[in-house]
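Each remark here refers to the structure printed beneath this line.
Worth saying up front: this structure is predicted, and the values here are computed from it rather than measured.
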Amino acid sequence: VRTYLADIVLPRAQGIRVVSKRIKDSLIARFGKTLIEPEIIPIGVSAELAPPIAFPPHEFSFNLVTVSRLEPEKRIEDILMALGRIAQRYPSVGLFIVGEGRERKRLVALAQKLGLSKRVVFLGWRNAAQGLIRSAHAYIQASAYEGYGLTLVEAALARVPIITTDVGIVGEVLKGYEDVLAAPVGDPVQLAVHITSLVEDHQLRITLPMNAERTVKNHLAEYKN
C-alpha cells in the first residue's frame with residue numbers, strides 16, 4: 001500500500017526530504033526525471049551522551065547488545081544463529097536484546113532451540129537505550145533494511161564497536177572495516193565471523209569505535225545548519 005501511494009504522491013511533490021543518499025539514489029532510480037530532486041536531511045541526533053546503564057546481573061565476559069523493534073525486517077534471528085555458531089568456542093559471550101514486537105515469542109523459542117536460553121536476555125523496551133549500549137562490548141544489528149540507522153549513530157557516539165548489515169548509512173557514512181564490521185543481509189555466518197574478530201582482537205575493539213565516532217561527528221556537523 002505504501003509503495004502504491006508513493007508512486008502517486010512523490011511525482012507530484014514540490015519538495016522531498018530523505019535521510020540518506022541510499023534512499024535518494026533509490027528514488028531517482030525508480031522515478032527518474034519525473035521526481036523533484038530529493039534533499040538529504042539526516043535525522044537529528046544529540047552528540048551529548050546518556051550516562052551508562054548497567055545490564056542486569058549476568059555471567060557474560062563479552063556483552064553484545066541490539067536495540068530494535070522485534071519485527072521480521074530486523075532479522076534478529078540472524079544474530080541468534082550467529083551466536084549459536086560460536087557458542088561452544090566462546091561460551092561466555094552473551095546477547096542483550098532491547099525492544100518489543102510481534103517476533104518476541106518466536107525469537108524466545110529460537111533461542112531455546114539453539115541452546116542459548118542462558119546466553120540471550122530479552123530486556124523489553126527501554127527509554128534510555130544508549131545508556132545500555134555504552135555498557136556493552138559491542139553493538140550488533142542484522143536489519144534487512146534501514147532508512148537511516150539511528151542506533152548505529154548512537155552506538156558510534158557511545159564509542160562502542162559496531163557489527164551491522166550493509167544497510168542505511170553503512171557504506172555512505174560508516175565504512176566497512178574502517179568504522180564498522182559490515183555483513184551482507186541474511187548472512188549469520190559473516191556475523192559470527194565479525195563477533196569472533198571483536199572477541200579476539202583487542203586493538204580492533206579500540207580502533208573501530210574511535211574511527212566511527214569521528215566519522216559520525218563529522219557527518220552530523222556537515223548537516224548541522
Please list, chain by chain and in numerical order, all residues satisfying side chain to side chain contact (heavy atoms under 4.5 Å, CB included) with [X], sequence neighbours excluded.
X	value
Glu59	none
Lys217	Leu157, Glu213
Val18	Ile16, Ile23, Lys24, Leu27, Pro38, Ile40

Summary of side-chain hydrogen bond (donor to acceptor under 3.5 Å, both in side chains) pairs that have at least one residue in residues 120-136, sequence neighbours excluded:
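Every pair satisfying side-chain hydrogen bond (donor to acceptor under 3.5 Å, both in side chains) with a residue in residues 120-136: there are none.
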Between Asp25 and Lys21, does a salt bridge (charged side-chain N to carboxylate O under 4.0 Å, His left out) hold up when you go through it step by step?
CA-CA 6 Å; Asp25 291 344; Lys21 186 176 183 296; 2.8 Å; yes
Which pairs count as ring pair (Phe, Tyr, Trp, His ring centres under 6.0 Å) when at least one residue sits in residues 146-192, sequence neighbours excluded?
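Output for this query lists Tyr177-His194.
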Do any pairs count as a ring pair (Phe, Tyr, Trp, His ring centres under 6.0 Å) and have a residue in residues 90-116, sequence neighbours left out, and if so which ones?
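Qualifying pairs, neighbours excluded: Phe55-Phe96, His58-Phe96, Phe60-Phe96.
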Under 4.5 Å side-chain heavy-atom separation, chaining through any Ile, Leu, Val, Met, Phe, Trp or Tyr, what else clusters with [X]? Say none if it is isolated.
X	result
Val1	Tyr4, Leu5, Ile8
Val189	none
Ile41	none

How would you list, by chain and number, every residue that makes a ring pair (Phe, Tyr, Trp, His ring centres under 6.0 Å) with Phe122, sequence neighbours excluded?
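Counting only residues at least two positions away or on another chain, Phe122 forms no ring pair (Phe, Tyr, Trp, His ring centres under 6.0 Å).
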Please enumerate all residues that pass ring pair (Phe, Tyr, Trp, His ring centres under 6.0 Å) together with Phe31, with sequence neighbours excluded.
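In terms of ring pair (Phe, Tyr, Trp, His ring centres under 6.0 Å), with neighbours along the sequence ignored, Phe31 is linked to no residue.
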Could you tell me whether Arg22 and Asp166 have a side-chain N and a carboxylate O separated by less than 4.0 Å?
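Salt bridge present between Arg22 and Asp166.
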Can you sort out the partners of Arg102 under salt bridge (Lys or Arg N to Asp or Glu O under 4.0 Å), two or more places apart, ordered by chain and number?
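For Arg102, the residues satisfying salt bridge (Lys or Arg N to Asp or Glu O under 4.0 Å) (neighbours in sequence not counted) are Glu71.
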